[in-house]
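Heads up: the structure comes next, in structure tokens.
All heavy atoms count here, side chains included; hydrogens, waters and symmetry mates do not.
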Amino acid sequence: MADSDVALDTFSPANRACVRRLLATSRERPDLSGYPQSKLGAVFILLYEEAGELRVLLTTRSKTLRTHPGQTALPGGRVDDTDASFIETAYREAHEEVGLPLSSPDIHTVAVLEPAISLYKIIVTPVVAILTRPSLLNELKAEESEVFCIFTHPLRAVLDPTIAKSEPLVDIGTEDWPYEVELHSTSDTVVPLLGNMKYRMHRFRSSASPIKGLTADLLIQTAKIAFGHSPTYEQYALGQLQTFKEISAFVTDGLIKVKESA
């Protein structure tokens with residue numbers, strides 16, 4: 001794992017620019033040291049280039065899991081006692097779920113992005129890395145108790161869903177895309193678990209399960225930074241809180257810091 005001197009010679013000029021924007025991300029990250037470990041998690045956003053397109057590694061969760069069975073996810077999970085950082089959490093979880101090497105000269109950390117809060121009030125920190133040898137993906141193996149399948153998707157398609165038209169997408173009206181729209185479905189709801197906050201759910205059709213919810217939100221956040229522009233659609237519901245600072249200030253129940261509950 002390396003945070004600098006990233007080998008970009010395998011990337012096209014356009015995708016090198018994307019990686020450099022991620023490397024240059026300077027948004028001040030919140031201090032999460034005061035929150036209970038049980039409320040902290042990390043996900044691994046692994047990007048690589050194929051046919052000139054920047055793609056992201058995804059999984060479909062095992063259909064036997066208690067939470068979110070059969071849903072699309074980024075490799076990741078809660079912080080463990082042995083993790084020294086969110087980067088270690090993300091790499092460890094990716095290793096456990098899909099067999100990604102814990103240390104490889106072909107994988108380079110490029111950014112740790114602003115966290116998000118899940119519907120279960122877990123603070124999830126995205127760790128972005130690039131893969132410079134895509135053939136390594138052929139060596140991955142899903143941990144069957146956690147992962148049903150491994151797949152990839154063009155990162156740019158979460159900003160412009162029409163990009164996914166060239167993908168081998170699942171059929172419309174099936175279990176994997178039970179919506180009438182072709183590529184991108186949204187719905188606005190009020191979320192009681194998050195203090196009745198307004199929330200726009202995004203769903204993107206893929207070659208496997210729908211990319212939706214927090215996974216979609218984190219990929220949109222990553223893509224906006226990487227490509228330097230907003231989505232082709234309206235991202236937020238009217239009045240929806242957008243930043244971690246706004247949401248954490250609004251959603252106090254279940255996110256009380258350790259020092260405040262002592």
For the student: nearest non-hydrogen atoms of [X] and [Y], plus distance:
X    : Y    : value
D80  : Q37  : C-NE2, 3.6 Å
A164 : H153 : CB-CE1, 4.0 Å
R16  : D9   : NH2-O, 3.7 Å
E97  : L74  : OE1-O, 4.5 Å
Y120 : K39  : O-NZ, 4.0 Å

* Taking the side chain as C-beta and beyond, is there a heavy-atom pair between T232 and P161 under 4.5 Å? ->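 Yes, their side chains come closer than 4.5 Å.
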* Asked: Tell me, do K141 and V98 make a side-chain contact under 4.5 Å, heavy atoms counted?
  ->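 No. Closest side-chain heavy atoms not under 4.5 Å.
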* To do: Please report the C-alpha distance between L32 and T125 in whole Å, then the side-chain angles of each, then the deciding distance to 0.1 Å, and finally whether the side chain to side chain contact (heavy atoms under 4.5 Å, CB included) criterion is met.
  => CA-CA 10 Å; L32 304 180; T125 297; 3.8 Å; yes
* To do: Verify salt bridge (charged side-chain N to carboxylate O under 4.0 Å, His left out) between R92 and D83, making sure each step is shown before the conclusion.
  => CA-CA 8 Å; R92 175 182 55 75; D83 299 332; 2.8 Å; yes
Sub-3.5 Å donor-acceptor pair from the side chain of [X] to the main-chain atoms of [Y], do we have one?
X    : Y    : value
R205 : H184 : no
S248 : K245 : yes
T25  : L113 : no
Q240 : A237 : yes
S206 : A208 : yes
H95  : L100 : yes
R203 : K212 : no
E246 : T243 : yes
E88  : A84  : yes
R78  : L40  : no

* Asked: When V158 is tested against each of I220, L218, D217 for side chain to side chain contact (heavy atoms under 4.5 Å, CB included), which residue passes?
  ->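 One option only clears the test, and that one is I220.
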* Asked: Does a sphere of radius 6.0 Å around CZ in F148 hold more than 12 heavy atoms from other residues, nucleotides or ligands, not counting ones at 6.0 Å or beyond?
  ->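 Not buried by this count: 12 neighbours or fewer within 6.0 Å.
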With a cut-off of 3.5 Å and sequence neighbours excluded, list every side-chain donor-acceptor pair involving residues 47-60.
residue	atom	partner	partner atom	Å
Y48	OH	T152	OG1	3.2
E49	OE1	S12	N	2.8
E49	OE1	S12	OG	3.2
E49	OE1	N15	ND2	2.8
E49	OE2	S12	N	3.4
E53	OE1	R156	NH2	2.9
E53	OE2	R156	NE	2.9
E53	OE2	R156	NH2	3.4
R55	NE	T152	OG1	3.0
R55	NH1	E167	OE2	3.0
R55	NH2	T152	O	3.4
R55	NH2	T152	OG1	3.1
R55	NH2	E167	OE1	2.7
T59	OG1	A73	O	3.3
T60	OG1	S209	OG	2.7

* Asked: Would the Y233 and H202 ring centres measure less than 6.0 Å apart?
  ->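 Yes, ring centres under 6.0 Å apart.
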* Asked: Mind checking who shares a hydrophobic cluster with W177, ILVMFWY linked at side-chain heavy-atom distances under 4.5 Å?
  ->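 Members alongside W177: V170, I172, Y179, V181.
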* To do: Show your working on side-chain hydrogen bond (donor to acceptor under 3.5 Å, both in side chains) between D31 and S33 and close with a plain yes or no.
  => CA-CA 6 Å; D31 178 13; S33 60; 2.7 Å; yes
